[in-house]
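Dropping the structure in here first, questions after.
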Amino acid sequence: MFDQVLFEQRLNDFKPEPLITPNEATDDPLEIPMVQENPNNIDLAKVNYLNLLDNEEIKQASESIIREYGVGTCGPRAFYGTTDVHLELEQALAKFLHMEESILYSYGFVAISSSIAAYCKKNDVIFIDENANFPIHQGLTAARSKVVTFAHNDPQDFKRKVQDVLTKEKRKTKKYLIIEGVSWSTGKLCPLPEFLEVAEEFQVRVFLEESYTLGVFGATGRGLTEYFDIDVSRVDMIIATLEGALGSIGGFCAGTMSIIEHQRLSGSGYIFSASLPTYLVKVVLKGLQLIGDKPVKFAELAKTFHDFLQVECGFNVVSHPEAPFKLVRVESKIREGEVYQYCKERGVHFIHNENGLVINLNLKLFDDKERLGRVYEVLKEASDLIN
Amino acid sequence: METRMEEGAGDTVTELLNGVDFENNTHQKGISNGYGPYSGTLTNGYTCINKKNGYTRGRRQNGHVLASSDEECTSKTMKGPIKNGYVKAASEEPLPKTRIIKESFEPPTLLTAALTHISFYILMFLGYLSQALFPPKVAKEKNRDGYSPLFDKFSSFYSMYVYRRIRDCWNYPICSVPGNEVVLKDRVTRDNGWTFEFTGSKTKCINLASYNYLGFAEKSGPCAEAAIDSIYKYGVTTGGTRQQYGTCDLHVELEKLTAEFLGVEDAITFGMGFATNALNIPTLLSPGCLVISDEKNHASLILGIRLPGATVKVFKHNDVQHLEEILRENIYKGQPNQPKGAYKPWKKILIVVEGVYSMEGTIVRLPEIIALKKKYKAYLYLDEAHSIGAMGKHGRGIVDYFGCDPKEIDILMGTFTKSFGSAGGYIAGTKELISFLRKNSFASKHAWAMAPPVAAQIIAVLKILMGKDGTNEGQKRIETLARNTRYFRKKIEQMGIIIHGNDDSPVVPILVYLYSKIAAMVRILIQEKIATVGVGYPATPLMEGRIRICLSAAHTKEQLDYALQVIEKVANELGLKYSRKPINSEPIEYDKIKVYED
């Protein structure tokens, strides 16, 4: 029973924790501003693989969209937040990926987490890579599904885990496999054909996350299914952000009509959010038109660059040779910081995070050999620091 | 008329907020569950006059969810007590900084309620019938024989055989800026909603649907120009996260300006409003924390609250009394699942509320909630998505509307999608909090920074609202919105149509109850060149199908008058004049409506 005196005492004694633990004072900046490109500063930090961010045609198309539609859409998709441009892009993306339909989200992160949560439910078993990216984890936490992890990019381990679950389960559960084309944290390529074989053997549905393969893998940039020459119908859904090679903001899913339509009524980040600003939709439409042979050139650049880092500089390059970003790990974290700092001071800017040194390639380097030479020179000098 | 008065159904609950003084009330009156707040002269120092009118039918408190009367508090524990009347409270000595809360929640008659249920069951039955007779026109999946189905049977039945029949009322594509008018791209369906075809024609409608509260969804003018300039200066996006090379000057300027506008130390912005809630709340909580959330909170808040594994309790919509009960009960009990007899206090308690509720049109009872949070040592998270810009004398949201001190709210959140005609969201508060988020927010780390044109548009709007552009354009828009809101709401009430929410809320839900009437009304209004939003089950309770109207400073009086005239006509045709409230037939003169003077 409620004891008034005890309550008073408990309220009186209640010492809530502070709302947040303040940051420790450090000299490291919380935010690193974008690089102002000039002949002395080369930006390999920005994600701009196909150099579409610098494309004048895209900028002009964006301007004309703002002059017709304004900036924001002032409403969710269902409530007059769908413009004809949104519909055009959804069709174009589906066509590009040889899928029936696609659905557009207004943020890359949310496209991944919400779409996963729209299918994966409480009693389902979801198989994910041990290095699965953060949005995937967020989607699964929201869904409260049972998560089983397998060794990084290891189809055999995946198979063992599925068999393990099958022998233990009492009644049939829904099972999903979520894999990343190119891992966000290691840059390694997923052996998709092997994964699909296992998935088909055990009738596990497959969601393929293609943020860093779309636009760069495959001769036309169609991603992993083109790269491995796989029929798209073997994959239930392709999820990707539009923040990679396509140089916009937002994300999408593509699949069969029934899969995608389901999300229009149950993808919470789709229903309960304002739609993507129309000009950002146009950026992707224009980008798709401009892709052309860029993926082929880019693959060549990626491979050359990979070899340079590995062979010429002797770096430990963790990422796949064709990955759009190069992940370099130096054994000592302090040395890693020195390499980063050295290059930065000499005008070659890239990212340094908990995974290592992340160099985002830019197709500009393919066309501008002088610029590439400058990058090589600085990286080579930096490599001497550690060898 | 007199009987109407007598019955007093669907009255307006009026309260004067008073200087809130909790400490003085220490004696307890018979409160059945023991956790109820102390009463007597009422916790918050109000004196309440509770009129109990004759009208005695079924539903407790007439569906009011407003609290602050002890009647209401105790009634919760009694089984269905029937007090339908006014719950009116008048303060003894109103302090200068008060604001009258006028909200109305008239319930439907029993007949309407019954019909609503019956019509829904008929719809479901017809759905099952048609499912048995007509196979879905959806291509079968390839290579997926023997796989377990992707989604449960009911949800696919619901979307294919119930929702599909009225699918045309949503997702209407537009091909213009969503200003005071919007151009719809006409479409027809030849197969009952399975597929749509474009006819090639376009229809220009008055836009009563978009969240364009201050009319800043514009394709020309200073805001659009600022956005366009930024494309050429910074690019269409910055190509990175805020932490790693995605921050540009515009972000810094925007955050400084936002903090100044809101009157707090610092602010941080994100590329999507939904993500602002979903990706930041988890960093503030952990297991062992208690979150108390309003039942009508937005999906993004609910998602953010669910993620970190904290304990969640839900209080009745805007029911301060219920909130207090929950606070008391949980502080008393402490964390659950402790060894017998052990008491472990909560790590911290977070109250999560919105400013204006977008489906209800209600306004949070902020002064009372601030008082509660102080008394019970909780933190307060206020989501001003629909109120920032739209409410308050200076457009600074609900905090401004009530004249509260913004520093008393621990976390101020809002979006730029609505009043600002842009996209994204912010969190504002102390320097310490914002620095913490810059470092730890999932969005700063893993999601792209706000695009420069999006930021530039917001900066331009903020400058106008703050008068930094050297004109009084901002003030004018804020006042026009307030005037349009009062005018439109009063006019609708005069028609005898039931609307919900606060008299000052630009979100106006018109209750139509029946599922089929939602569709009928949306369709007829579009034919009459008015775009509105229909909301039904499952987005609202089954009983409360509604048409939602969002007013804008961009609407002219002529546009509103046209819309009102059409709505009255449709209301007659569809039988929407459900209200049994006394009608005040005094003429309403647009120009004489006083705003922000009370």
Side-chain angles (χ1 to χ4, degrees), chain A residues 1-2 7 10-11 14 16-17 19-20 22-23 30-35 45-48 53 59 62-63 66-72 74-75 77-80 82-84 87 106-107 109-110 119 134 141-142 174 203 233-234 243 249 256-258 262 265 268-269 272-274 277 283 351, chain B residues 34 138 141-143 147-148 151 159 170-171 173-175 177-178 185 209-212 217-219 224 227-228 231 235-240 242-245 247-248 271-272 274-275 299 307 331-332 345 347-348 377 379 410 417 421-423 432-433 435-436 438-439 446-448 451 457 533:
Chain A
M1 224 13 244
F2 188 76
F7 169 75
R10 284 181 175 171
L11 176 60
F14 180 40
E17 287 182 5
L19 183 61
I20 48 133
N23 295 343
L30 291 170
E31 288 161 351
I32 307 172
M34 65 193 278
V35 178
K46 187 189 273 180
V47 171
N48 187 16
L53 284 181
K59 290 182 185 175
S62 303
E63 173 179 346
I66 293 179
R67 293 202 187 280
E68 198 182 341
Y69 294 86
V71 176
C74 283
R77 286 291 298 271
F79 302 165
Y80 305 91
T82 303
T83 68
D84 46 350
L87 294 180
S106 29
Y107 220 21
F109 190 113
V110 174
Y119 299 99
F134 192 68
T141 314
K174 286 185 199 173
Q203 299 197 326
S233 71
R234 293 177 66 190
E243 291 150 7
I249 281 182
T256 61
M257 193 178 153
S258 64
H262 173 71
L265 284 178
S268 71
F272 298 108
S273 161
V283 168
I351 290 171
Chain B
V138 181
E141 289 184 284
K142 278 185 224 157
N143 306 332
Y147 279 58
S148 43
F151 13 84
S159 83
W170 289 275
N171 300 301
I174 65 169
C175 42
V177 67
K185 203 171 167 186
S210 298
Y211 305 136
N212 180 26
E218 292 166 322
K219 56 181 180 176
I228 288 165
I231 296 176
V236 290
T237 84
T238 60
R242 283 301 299 275
Q243 288 187 353
Q244 297 280 3
Y245 295 95
T247 302
C248 73
M272 182 197 195
F274 180 92
L307 288 173
I331 289 171
Y332 183 68
K347 284 186 188 166
K348 56 191 165 196
K377 304 177 192 173
Y379 298 104
D410 302 277
T417 322
S422 191
E432 257 181 5
L433 169 74
S435 300
F436 173 86
R438 284 189 204 289
K439 191 171 174 210
H446 302 277
W448 254 220
Q457 159 96 10
V533 166

Problem set entry | Audit row: B:Ile231, A:Ile66, side chain to side chain contact (heavy atoms under 4.5 Å, CB included) steps and yes/no | CA-CA 11 Å; B:Ile231 296 176; A:Ile66 293 179; 3.9 Å; yes

Seminar exercise, completed: Output for pair (A:Gln203 CD, B:Tyr147 OH), nearest 0.5 Å, gives 5.5 Å

For this session: Mark yes when over 12 heavy atoms from residues, nucleotides or ligands other than B:Lys219 sit less than 6.0 Å from its NZ; otherwise mark no.
Result: no

Problem set entry | Side-chain heavy atoms of B:Arg242 within contact of A:Glu31, under 4.5 Å | yes

For this session: Please determine, among B:Lys347, B:Glu432, B:Gln457, the option with the most heavy-atom pairs under 4.5 Å with chain A.
Result: B:Lys347

Problem set entry | Largest heavy-atom contact set with chain B, pairs under 4.5 Å, which of A:Gly75, A:Pro277, A:Ala274, A:Gly269 | A:Gly269

Problem set entry | Region of A:Asp84 that comes under 4.5 Å of a non-hydrogen atom in chain B | both

Problem set entry | Pick from B:Met272, B:Gln244, B:Arg438, B:Lys348 with the largest number of heavy-atom pairs that fall under 4.5 Å of chain A | B:Met272

Exercise. Would you call B:Leu433 and A:Leu19 a side-chain contact if the rule is heavy atoms closer than 4.5 Å?
Worked result: yes

Problem set entry | Atom group of B:Glu218 that falls short of 4.5 Å from chain A, counting heavy atoms | backbone

Seminar exercise, completed: Counting heavy-atom pairs under 4.5 angstrom with chain B, the leader among A:Thr83, A:Val47, A:Ile20 is A:Ile20

Exercise. With respect to chain A, which residue among B:Pro345, B:Ser422, B:Gly240 yields the maximal number of heavy-atom pairs within a distance under 4.5 Å?
Worked result: B:Ser422

Exercise. Parallel under 30°, tilted from 30 to 60°, perpendicular over 60°: which one fits the rings of B:His446 and A:Phe134?
Worked result: parallel

Exercise. How about A:Tyr69 and B:Pro178: do any of their side-chain heavy atoms sit closer than 4.5 Å?
Worked result: no

For this session: Return the minimal non-hydrogen interatomic distance between B:Ser435 and A:Asn23, and the atom names on each side.
Result: O-ND2, 2.9 Å

Exercise. Of the non-hydrogen atoms in B:Cys248 and A:Met34, which two are nearest, and what is the gap between them?
Worked result: CB-SD, 3.4 Å

For this session: Would you mind checking which part of A:Leu30 comes under 4.5 Å of any heavy atom in chain B, side chain (CB onward), backbone (N, CA, C, O), both or neither?
Result: both

For this session: Below 4.5 Å from any heavy atom of chain B, which atoms of A:Leu265 appear? Answer side chain, backbone, both or neither.
Result: side chain

Exercise. Checking ring pair (Phe, Tyr, Trp, His ring centres under 6.0 Å) for the pair B:Phe274/A:Tyr107: CA distance, chi angles, key distance, verdict?
Worked result: CA-CA 9 Å; B:Phe274 180 92; A:Tyr107 220 21; 9.9 Å; no

Seminar exercise, completed: Honestly, the part of A:Phe109 sitting under 4.5 Å from a heavy atom of chain B is side chain

For this session: Please round to the nearest 0.5 Å and tell me the distance separating atom NZ of A:Lys59 and atom CD1 of B:Ile228.
Result: 14.0 Å

For this session: Counting only heavy atoms closer than 4.5 Å, note whether A:Pro33 contacts chain B via side chain, backbone, both or neither.
Result: both

Exercise. Is the shortest heavy-atom distance from the side chain of A:Ile32 to the side chain of B:Gln243 under 4.5 Å?
Worked result: no

Exercise. Rounded to the nearest 0.5 Å, what separation is found between the OH atom of B:Tyr211 and the OH atom of A:Tyr80?
Worked result: 12.0 Å

Problem set entry | Segment of B:Phe436 engaging chain A (4.5 angstrom heavy-atom cut-off) | both

Problem set entry | Interface residue of largest heavy-atom contact number with chain B, from A:Leu53, A:Leu11, A:Leu87, under 4.5 Å | A:Leu11

Problem set entry | From CZ (A:Arg10) to OH (B:Tyr332), nearest 0.5 Å | 6.0 Å

For this session: Quick one: which of B:Gly235, B:Gly421, B:Ala275 has the most heavy-atom pairs under 4.5 Å with chain A, could you say?
Result: B:Gly421

Problem set entry | Nearest heavy atoms of A:Ala142 and B:Leu307, plus distance in Å | N-CD2, 3.5 Å

For this session: Answer with side chain, backbone, both or neither: which region of B:Lys377 has an atom nearer than 4.5 Å to a non-hydrogen atom of chain A?
Result: both

